[in-house]
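Each ligand, and each atom within it, is numbered from 1 in the order the structure gives.
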Amino acid sequence: MSELNQIALKILENGKGILAADESTGTMTKRLQSVGVESSPENRVLFRETLFSSNCMRECIGGVILYDETIKQKSKTGKNIPDMLLEVGSYPGIKVDTGAKQLAGSKNEKITEGLDSLRERLKEYSKLGAKFTKWRGVYNITKDYPSKLSIYSNAHALARYASLVQENNLVPIVEPEVLMDGEHSADECFSKTSEVLKRCFEELIFHKVDLSGIILKPNMILAGASSKNQISNEDTAKLTVKCLKENVPSEVPGIAFLSGGQTETQATENLNLINKFNDTNFIMSYSYGRALQQSALKYWAKDTKDTNGTQKIFDHRAKMCSLATQGKWSKNLENI
Ligand code: 5MM
């Protein structure tokens with residue numbers, strides 16, 4: 001078993017998943033402003049360290065994806081954030097893309113950037129304690145999109161990223177996110193996600209990426225948020241498992257879904273059903289941002305000094321997601 005494979009498994013095994021706390025400053029500012037808190041470096045790290053020192057970290061959070069600012073910050077007690085995570089048995093990870101920019105040659109699509117000087121940045125992040133990394137490609141579904149250009153160019157970038165990351169002994173999270181926005185049907189989401197995944201793995205293999213040392217972070221198969229034809233959670237789970245079974249090589253050890261704008265309970269229930277229907281060898285877990293943090297952030301905003309109250313909410317959410325990775329979640333457990 002390779003070292004990278006072991007790290008990937010440690011992050012996702014035994015009911016653990018990933019906390020995506022890698023909001024760039026722009027996104028974090030939006031999140032904080034939406035709950036009436038000033039977006040200062042102090043407030044950004046305060047909210048994050050409130051989560052990182054919660055009880056659930058040991059049992060439920062195998063890894064945390066950090067943003068460049070956070071990996072270099074210290075906690076109130078003067079600890080480096082990566083050390084704080086390692087102490088509770090959670091691996092520090094880092095988002096290394098520099099964001100999705102307008103894709104030349106296609107009017108309304110994006111290409112993720114950040115390959116320039118990535119090798120040097122990876123060395124720096126590794127020294128700071130990072131054990132894994134993340135890069136997100138985004139695709140939107142319309143009548144004409146995602147275009148072949150977007151599918152091919154994002155897959156190429158994801159593969160070049162993953163190969164450089166493994167060269168530096170870090171586990172790459174490969175995140176091709178087909179967005180929920182739009183009126184498309186679940187069938188369209190299924191076919192577009194399949195196309196995207198298929199191309200990503202062709203490129204990863206072409207770039208000699210060790211598939212046993214990556215984590216895939218995909219979207220679930222859902223009808224577009226504005227579609228009139230929503231499908232049941234059971235169908236989402238069945239289609240999601242089918243799509244991954246058909247398009248992900250069996251060497252990949254684990255899949256950690258993004259929540260993508262689903263509510264906290266929807267993301268949990270769908271993950272639970274996915275695990276009930278999972279007839280593959282892939283670990284099916286979570287790498288949620290909003291679906292782990294939303295309620296905790298709302299509560300914290302009312303009194304940023306109420307650490308215990310905020311942690312109680314985050315602990316509950318993480319516990320629910322952890323149960324979902326084992327197919328042991330049920331609605332009645334939500335009432336705390
Ligand atoms: C935490 O949000 C990440 C994106 O941040 P920026 O847009 O500011 O770069 C995002 O990549 C996130 O890690 C994934 O989309 C998963 O988050 P959700 O909220 O979809 O579970």
Side-chain angles (χ1 to χ4, degrees), residues 11-12 17-35 39 41 44-45 47-48 51-52 60-71 91-102 110-114 121 130 132-140 154 157-158 161 171-181 189 193 196 215-222 224-225 236 240 255-271 274 284-298 314 317-318 320-322 324-325:
I11 294 172
L12 300 180
I18 299 169
L19 167 63
D22 60 313
E23 298 87 355
S24 54
T25 303
T27 303
M28 198 56 190
T29 298
K30 271 190 229 148
R31 302 260 197 273
L32 290 173
Q33 282 173 351
S34 75
V35 292
S39 179
R44 291 194 287 272
V45 76
F47 175 64
R48 285 164 166 159
L51 304 185
F52 303 164
C60 310
I61 307 293
V64 178
I65 315 172
L66 301 168
Y67 181 58
D68 180 73
E69 177 186 64
T70 326
I71 201 169
Y91 280 138
I94 179 80
K95 184 229 296 290
V96 298
D97 66 65
T98 54
K101 311 279 160 61
Q102 166 75 44
K110 293 192 164 160
I111 177 75
T112 302
E113 295 188 348
R121 287 194 290 128
F132 70 100
T133 65
K134 191 199 91 173
W135 179 290
R136 169 174 170 256
V138 275
Y139 312 81
N140 46 322
N154 274 297
L158 274 163
Y161 141 81
V171 170
I173 294 187
V174 173
E175 180 180 5
E177 176 175 10
V178 178
L179 296 170
M180 255 170 87
D181 308 342
C189 179
T193 304
V196 163
I215 292 173
L216 177 70
K217 176 164 173 169
N219 50 285
M220 295 178 189
I221 304 300
L222 298 156
T236 282
T240 303
I255 289 169
F257 293 97
L258 57 94
S259 57
Q262 299 180 68
T263 64
E264 291 177 343
T265 37
Q266 191 191 4
T268 313
E269 180 164 3
N270 283 338
L271 180 62
I274 285 171
M284 302 276 202
S285 185
Y286 50 91
S287 175
Y288 293 164
R290 286 162 287 180
L292 274 170
Q293 301 182 64
Q294 234 156 34
S295 299
L297 178 66
K298 260 193 206 152
F314 178 57
R317 205 61 259 139
M320 294 298 103
C321 289
S322 174
T325 66

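At a heavy-atom cutoff of 4.0 Å, ligand 1 is contacted by the side chain of Arg136 but not by its backbone.
Note: Tyr288 OH to Leu258 CG = 8.5 Å, rounded to the nearest 0.5 Å.
In this structure, Lys217 has a heavy atom closer than 4.0 Å to ligand 1. Residue contacts with ligand 1: Asp22 is included, with a non-hydrogen atom under 4.0 Å away.
Glu23 and Arg48 are joined by a salt bridge, as a carboxylate oxygen and a charged side-chain nitrogen come within less than 4.0 angstrom of each other.
In this structure, atom 21 (O) of ligand 1 lies nearest to the protein heavy atom Ser259 OG, 2.5 Å. Scanning the protein for heavy atoms near atom 20 (O) of ligand 1, the closest one is Gly260 N, 2.8 Å. The protein heavy atom nearest to atom 10 (C) of ligand 1 is Lys134 NZ, 3.3 Å.
Of the candidates Lys95, Glu23, Lys30, the one placing a heavy atom closest to atom 9 (O) of ligand 1 is Lys95.
The closest side-chain heavy-atom distance from Asp68 to Val96 is not below 4.5 Å.
Each of the following atoms of ligand 1 lies closer than 4.0 Å to a heavy atom of Ala20: 1 (C), 13 (O). Below 4.0 Å from some heavy atom of Thr27 lie the following atoms of ligand 1, by number and element: 6 (P), 7 (O), 8 (O).
No donor-acceptor distance shorter than 3.5 angstrom exists from the side chain of Glu177 to the backbone of Lys217, with no hydrogens or angles considered. The backbone N or O of Ala100 lies less than 3.5 Å from no partner atom in the side chain of Lys110, so there is not a single donor-acceptor pair.
Side-chain contact of Arg317 with Thr268: a donor-acceptor pair under 3.5 Å is present, judged by distance alone.
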